[in-house]
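Below is one structure, written out as C-alpha cells, with a few remarks after it.
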Amino acid sequence: MNASSDYQKLRAHLAFLRMTAAAEALPALLEQAAKDKLTSQAFLERLLAVEVGAVDERRRASLERFASLPSPFTLADFDFSAQPSVDPRLIADLGTLRFIDDATNVLLIGPPGVGKTMLAVGLGHAAVTAADLAARCHRAALEGRWATTMRFYAGPRLLIIDEVGYLPLPAEAAAALFQVVSQRYLKGSIALTTNLGIASWGKVFNDDPMIAAAMLDRLLHRSVVLNIDGDSYRMRSHRARAEATRRAVAST
Ligand code: ADP
Ligand code: MG
C-alpha cells in the first residue's frame, strides 16, 4: 500500500460520507500536518473540526430559514433608553437562552409600538445564532450524540406567538392555540406578545374565560412576564420629527 493509494482511498471515504468540507481541506491539512509533524490524532482532530464547522454553519443557516423571522432585529438593536420599563439585565439574561432549557415561557405584554415584537424576534435570532448552539453541536459530535442532537433541534425549541389579542379569535382558532400551548407545556418555550393585560384575556378567546384561564395557567406556570408600558417607539420618532419641523418653522 503506498501513500498515493491511501490518499485516494481517504478521498473516496470522505466523498462517500459526503464530508465535502473535509475533503476540500484535506490536501492543505496534510501538508500542514507534515510541516508541523502532527500526531495522527491531532491531524484527525483538525480534519474533523473542519467538517464539524461546516455542518454547524449549514445547520445554523437552515434554522435561520426555518425560523423565518419577520425582521432582522437582534436584542442588540433594542434602545433601552427609549423604554425605561424594560430591564436591560433581564433581557440580557433571557438572551443567554437559559430559559429554553426548562421550557420557561416569556410573555411580553404592552400597548402597540413599545417593542414587544422586536424583543420576541430578538430572542428568536438569539435562539438561532447562539454560540451556545454551535457549542452544543460540537460537544454532541465529540460525544457521538450527533444524530439525536440533530433530531432534538429539529423540533423548534422556542415558538414565538406574536400579537395575541389584537383580533378576537374564533372558537376553532382559540382551541388550536390552546392545543399548541398545552402540547408545549413544560416541553418547549413560548415567547408570546400581547397588547392585552392578563385580566382581559377572556375577550380574545371568544368570551370563553375557561379556555383563557386554562391557557394562562399553562403559560404562566413557568414564565417570565415583561410588562412594557410607556410610549410607542414609532410615535416617539414621529413626535421627534414633528418637533423638529415645528422648530424649523418657528425659526424661519
Ligand atoms: P409592538 O410589537 O410592541 O407593537 P414593535 O416591536 O413592532 O412593537 O416595535 C415597533 C417599531 O418600533 C419597530 O420598528 C421596532 O423596531 C421599533 N422599536 C420599538 N421599541 C424600540 C426600542 N426600544 N429600540 C429600538 N427600536 C424600537
Ligand atoms: Mg407587535
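Each ligand, and each atom within it, is numbered from 1 in the order the structure gives.
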Looking only at heavy atoms, which two atoms of Leu48 and Met19 are closest? And how far apart? CD2-CE, 3.5 Å
Whether Lys116 side chain and Pro111 backbone form a donor-acceptor pair below 3.5 Å: yes
Residue, atom and distance of the protein heavy atom nearest atom 24 (N) of ligand 1 read Asp79 N, 2.8 Å
Among all protein non-hydrogen atoms, which one is nearest to atom 15 (C) of ligand 1, and what is the separation to 0.1 Å? Met118 SD, 3.7 Å
Interatomic distance, Glu163 atom CD to Leu196 atom CG [nearest 0.5 angstrom]: 11.5 Å
Would you call Asp6 and Arg11 a salt bridge, using N to O less than 4.0 angstrom? no
Suppose I only count heavy atoms of Phe78 and a 4.0 Å limit; which atoms of ligand 1 are within that range? 20 (N), 21 (C), 22 (C), 23 (N), 24 (N)
Would you indicate whether the side-chain heavy atoms of Ile228 and Leu108 approach each other to under 4.5 Å? yes
Just which atoms of ligand 1 are under 4.0 Å from any heavy atom in Pro112? 4 (O)
With the threshold set at under 4.0 angstrom, would you say Val114 reaches ligand 1 through any of its heavy atoms? yes
To which protein heavy atom is atom 25 (C) of ligand 1 closest, and what is the distance rounded to 0.1 Å? Tyr233 CZ, 3.3 Å
What I want to know is whether Lys116 and ligand 1 share at least one N or O pair that is separated by under 3.5 angstrom. yes
By number and element, which atoms of ligand 1 are closer than 4.0 Å to a non-hydrogen atom of Asp77? 25 (C)
Can a donor-acceptor pair be found, under 3.5 Å and without considering hydrogens, that links the side chain of Arg218 to the backbone of Ala214? yes
Numbering the atoms of ligand 1 from 1, which are under 4.0 Å from a heavy atom of Thr117? 1 (P), 2 (O), 6 (O), 7 (O)
So if I count the atoms of ligand 1 from 1 in the order they appear, which ones are less than 4.0 Å from some heavy atom of Phe73? 16 (O)
The Mg ion (ligand 2) reached by Asn195 (N, O or S, under 2.8 Å): no
Do Leu119 and Val86 have side chains that approach each other closer than 4.5 Å (heavy atoms only, starting at C-beta)? yes
Answer yes or no: is there a donor N or O on one side and an acceptor on the other, between the side chain of Ser223 and the main chain of Thr104, under 3.5 Å? no
Regarding Asn105 and Ser189, is there a side-chain donor-to-acceptor distance under 3.5 Å anywhere? no
What residue and atom, counting heavy atoms only, is the protein's closest point to atom 7 (O) of ligand 1, and at what distance? Arg234 NH2, 3.5 Å
Please write down residue, atom name and distance for the protein heavy atom closest to atom 4 (O) of ligand 1. Gly113 N, 2.7 Å
Atom 5 (P) of ligand 1: of Ser71, Gly122, Gly115, the nearest heavy atom sits on Gly115
